[in-house]
Protein chains: 4
Amino acid sequence: MHMCPLEWRYGSSDMRSIFTISNIVRTYIEVEIALMVGLARAGMAPAHCIEALKGCAEDLEPHEIYRLEEVTGHDIASLAYILGERCGECGRYVHLGATSYDIVDTSWAILVGRALELVKSKLSKILKAISKLAIEHRDTIMVGRTHGQHALPITLGFKLANYVYELSRSYERLCHVGKRVVKSKFSGAVGTMAAWGEKGFEVEKGASEYLGIEPHTISTQVAPRDGFAELISVLAILASQLDRLALEVRELSRTEIGELYEAEERVGSSTMPHKRNPHII
Amino acid sequence: MHMCPLEWRYGSSDMRSIFTISNIVRTYIEVEIALMVGLARAGMAPAHCIEALKGCAEDLEPHEIYRLEEVTGHDIASLAYILGERCGECGRYVHLGATSYDIVDTSWAILVGRALELVKSKLSKILKAISKLAIEHRDTIMVGRTHGQHALPITLGFKLANYVYELSRSYERLCHVGKRVVKSKFSGAVGTMAAWGEKGFEVEKGASEYLGIEPHTISTQVAPRDGFAELISVLAILASQLDRLALEVRELSRTEIGELYEAEERVGSSTMPHKRNPHII
Amino acid sequence: MHMCPLEWRYGSSDMRSIFTISNIVRTYIEVEIALMVGLARAGMAPAHCIEALKGCAEDLEPHEIYRLEEVTGHDIASLAYILGERCGECGRYVHLGATSYDIVDTSWAILVGRALELVKSKLSKILKAISKLAIEHRDTIMVGRTHGQHALPITLGFKLANYVYELSRSYERLCHVGKRVVKSKFSGAVGTMAAWGEKGFEVEKGASEYLGIEPHTISTQVAPRDGFAELISVLAILASQLDRLALEVRELSRTEIGELYEAEERVGSSTMPHKRNPHII
Amino acid sequence: MHMCPLEWRYGSSDMRSIFTISNIVRTYIEVEIALMVGLARAGMAPAHCIEALKGCAEDLEPHEIYRLEEVTGHDIASLAYILGERCGECGRYVHLGATSYDIVDTSWAILVGRALELVKSKLSKILKAISKLAIEHRDTIMVGRTHGQHALPITLGFKLANYVYELSRSYERLCHVGKRVVKSKFSGAVGTMAAWGEKGFEVEKGASEYLGIEPHTISTQVAPRDGFAELISVLAILASQLDRLALEVRELSRTEIGELYEAEERVGSSTMPHKRNPHII
């Protein structure tokens, strides 16, 4: 039985599917494969081990890793160990010279990148829908208000065009943060690439190209975390803009005002059957 | 496949069991029964409907409610409708005169109350464990530091006793917030008890006594939300205190210092087998 | 020329006067005097040094301290040095065995305590004013709304009584946090009272009684900081309640609704002379 | 006597001078002049009124405005009134068709823009200083740590180069937010430019060019506020990066570690003269 409301009540199935355990583990494996590609290009692993790893990792189930983690207390070490055992003579090249956070941070860059694309695609639909309404209602006169008081006339199209502008600024921010946060990290323990000797940048390049993302310029044991803080801020600002839009609809559907309504019929109250709530669909 | 890490990776099974959908719905039903008790005591429902409701609600599964909610868009209205249908002639007394938030807010008070008891019981164990260590190490000399610099001698017992004091202040706060947040709300639509005529306070009293919790002094359509803000603040302060303790253990187990260690053996790194990380168990 | 809007535009002169540099320094001196009282009671300083210190500290100006701080980089060390120089043979007992944070943390407890009293006294006036209005309007019928939609009738008195209840919960919180935050701290470097030998608790007791506040049960170099976090949370919750009240007045004075107004005449706009904004006085 | 620590204890005089009342009022006047330029270019005010306004506004003191505000309750209306009175026949063109937030929001864009330049210039110095150190210490071997435990060797240059990368990401963010926040707003009451008839965009263009900043694409009564939220986030992230750097210096100057020190001599404690605190200058 679920407990977390994101599992069933809130959120889209598209977004949920990115963050399931099985997709996270699948991404870890994708990154271990990318690393094998990097090692092979740098001449530190046999080229056939790329396909071998793909094969022997294919049916790995998350619970195998997390069962071993109960013993070792370390999820990525458990993953690397299991892949090592499964992949025969190629096993010794799995995770070679890497540190856990090469896998974890690169995986999170990939997952967050996919989530960002979803958010951008939904925001893009909202922008198109509001733009369309703004054009349709370019001449629909309504009262402009400040502090809730009648001020001077505006049009509904003008009101909506302001939301288009403001939300497009969020779209811009989502694009910028994506560039800073969707970056690979292959730099080994403490970030010095020492285990790969002179070949560090080659390993990083090969692995990153395989994944189609740029590596961070430099990193310690872990990739920089500032991008995550920025991401949360950017999403919070977007959420706050959408909240303002929703609140405006709610206010303009007050019984005394009645300028906007929600389209769909819903039960508005468990005790007052006449109620029509300003939920926006 | 889970997605939310609280479902499987973080959190205790005790805490999780409070917030499952099935326990939430079970609590909604508990509150509908309490309301029936209140109605019966006030002479607004036949006394036998209390047992009747218990019976006809017993095997109600959450998915029935949420399937109906997909049509009605209202979860509590769906619950009330299903209970009404199931309970024969007592059906018409189910949810009588109540508003959704009588059920929801009282349920959350109960659930949060149980969660608070769990937190308090764990904090109590931590307080006892640190107190015991503080007494054992009352004479274990160590250096006192300010800004990380050696200052003057202290004892480990003294250091730990400070944590006992600080954490006990959080325990006190948890007790206080509990008193403000664990309160029932039976006041009907817009909070006026109007549907129960002169009998409002009787209904509220009967229902609240059945649940063993005090009602809010007054409420609107919903119970006051300040208690939730306070709860989050109090938990954040507690978390920050525990973070300080954990960080202190981490600092004092630095390789150069080595005054404290974690007891258990764990894999510390996927690439550096000699590492011993200062996780606290 | 001021820059910080709290200096001139926002805030009351009562509140400002608590947090001026000169009052802060005055409070530091008050606490140094309290410490001298504690030392005298414990037999560690001559009794006449209490009056001597009061005298030689009387005309000390903050800029003397902050001028010396520019050299030493330490404000309290500068204060102690200056008092030591000024007070003749009693000079050697000034700040004896204390650490800077004995002075700073005890001073902040005093200052925050005074600020809390101001907030409580203002909140008490608000509570009385709203209670009075609630009683006056106990029979003033108005529409109750949920989601801004007309729902069922209430009275204005009922609406206001809800604010009385909610704000009184903040008053309660202010009382509780005061007990945790207004505490003295006299425990010397690293908090062990070591410089006072066996007499530590006597010094602490004497100094605290002079100030009329209870000491913390135990402290490190500094007093626990959780009380400040709690204080900020409690004030934020109060501010949010007052914001809800102000927003409700604003909404109910919308041109279409016009149920509440601000009493005073003000210029509502630099371009629209007919405007009447819903500021609340 | 000051109360706000930003007035005297924290902050630079450069930054303070931007946000004094007198500079804020000076900027309001700058914007009123820009508006007159816009009006003149659009043929809505005589060209000579630009110089006339500059002259009659020159010696306007903030207290004149705030004295009138005490009567009117509106600062910008007071400013416009006083300028109108002072400027003879040009007085009637002052603030013509504008709303208060044309002045306020454009002024804040200018002020925030200047503050941003200061922050960027300081960050640029920090970046150069750390880069220089990173190059000097490219071969200074030190231990790399994870969780505070010795892990594998790094160089001090490598450690510092990571800070250069991370801080340069903040520099990038400051540039981006500047583009969104430093924008003029000349759109009149409720943002429709209605008072300027067909000439709205001309007024906006003339005024904005005079100030050398781009106007917002569209605005309501006020300019979009998302840029301020973004600005605060970006500064908070920068502060958190600098905090990490400062904390690292503090940790590495622990008595047991002693790898880094602060250069300058300071008094470290009011009671422990041997103390050397890891303040960074």
Side-chain angles (χ1 to χ4, degrees), chain A residues 99-101 134 143-147 150-155 158-159 161-170 172-173 175-177 179-181 183 187-195 216-234 236-238 240-241 244, chain D residues 99-101 134 143-147 150-155 158-159 161-170 172-173 175-177 179-181 183 187-195 216-234 236-238 240-241 244:
Chain A
T99 195
S100 311
Y101 275 84
V143 71
R145 296 168 176 90
T146 66
H147 301 289
H150 284 195
L152 293 171
I154 58 170
T155 68
F158 171 80
K159 180 183 279 293
N162 271 286
Y163 283 104
V164 173
Y165 174 52
E166 296 191 17
L167 288 168
S168 74
R169 290 158 61 94
S170 273
E172 214 174 85
R173 276 187 285 265
C175 295
H176 281 138
V177 73
K179 281 180 195 151
R180 270 186 290 272
V181 92
K183 292 219 156 153
S187 60
V190 305
T192 56
M193 298 178 161
H216 278 291
T217 304
I218 190 170
S219 67
T220 66
Q221 171 83 359
V222 296
R225 266 75 182 98
D226 60 319
F228 293 106
E230 183 185 357
L231 177 62
I232 295 298
S233 302
V234 166
I237 293 171
L238 170 57
S240 155
Q241 291 175 319
R244 189 165 85 80
Chain D
T99 195
S100 312
Y101 275 85
V143 71
R145 296 168 177 89
T146 66
H147 300 291
H150 284 193
L152 293 171
I154 59 171
T155 68
F158 171 79
K159 181 183 281 291
N162 271 286
Y163 283 104
V164 173
Y165 175 52
E166 296 190 19
L167 288 168
S168 74
R169 291 158 61 93
S170 271
E172 213 174 86
R173 274 187 287 264
C175 295
H176 281 138
V177 74
K179 280 181 194 150
R180 269 185 291 272
V181 93
K183 292 220 157 153
S187 61
V190 305
T192 55
M193 299 179 161
H216 278 291
T217 304
I218 189 171
S219 66
T220 65
Q221 171 84 357
V222 295
R225 267 73 181 98
D226 60 317
F228 293 106
E230 184 184 356
L231 177 63
I232 295 299
S233 303
V234 165
I237 293 171
L238 170 58
S240 155
Q241 291 175 320
R244 189 166 85 78

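Labels below follow one simple rule: chain letters A, B, ... track the order of the sequence lines, proteins then strands, and each chain is numbered from 1.
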Aromatic plane relationship, H176(A) with H176(D) - under 30° parallel, 30 to 60° tilted, over 60° perpendicular: parallel
Residue among A194(A), A236(A), G191(A), S170(A) with most heavy-atom pairs under 4.5 Å to chain D: G191(A)
Between [options], which residue shows the highest count of heavy-atom pairs closer than 4.5 Å to chain A?
options: H216(D), K159(D), Q241(D); value: H216(D)
options: V164(D), I218(D), V234(D); value: I218(D)
options: P224(D), P153(D), G144(D); value: P224(D)
options: S219(D), G227(D), S168(D); value: S219(D)

Residue pair N162(D) / T220(A): nearest heavy atoms and the distance that separates them: OD1-N, 3.2 Å
Heavy-atom proximity to chain A below 4.5 Å, by part of I237(D): side chain
Chain A contact via R225(D) - which portion, at a heavy-atom distance below 4.5 Å: neither
From CD (E172(A)) to CZ (R180(D)), nearest 0.5 Å: 5.0 Å
Nearest-0.5 Å distance that lies between atom OG1 in T217(D) and atom CD in E166(A): 11.0 Å
Side-chain donor/acceptor of R169(D) to backbone N/O of D226(A), under 3.5 Å: no
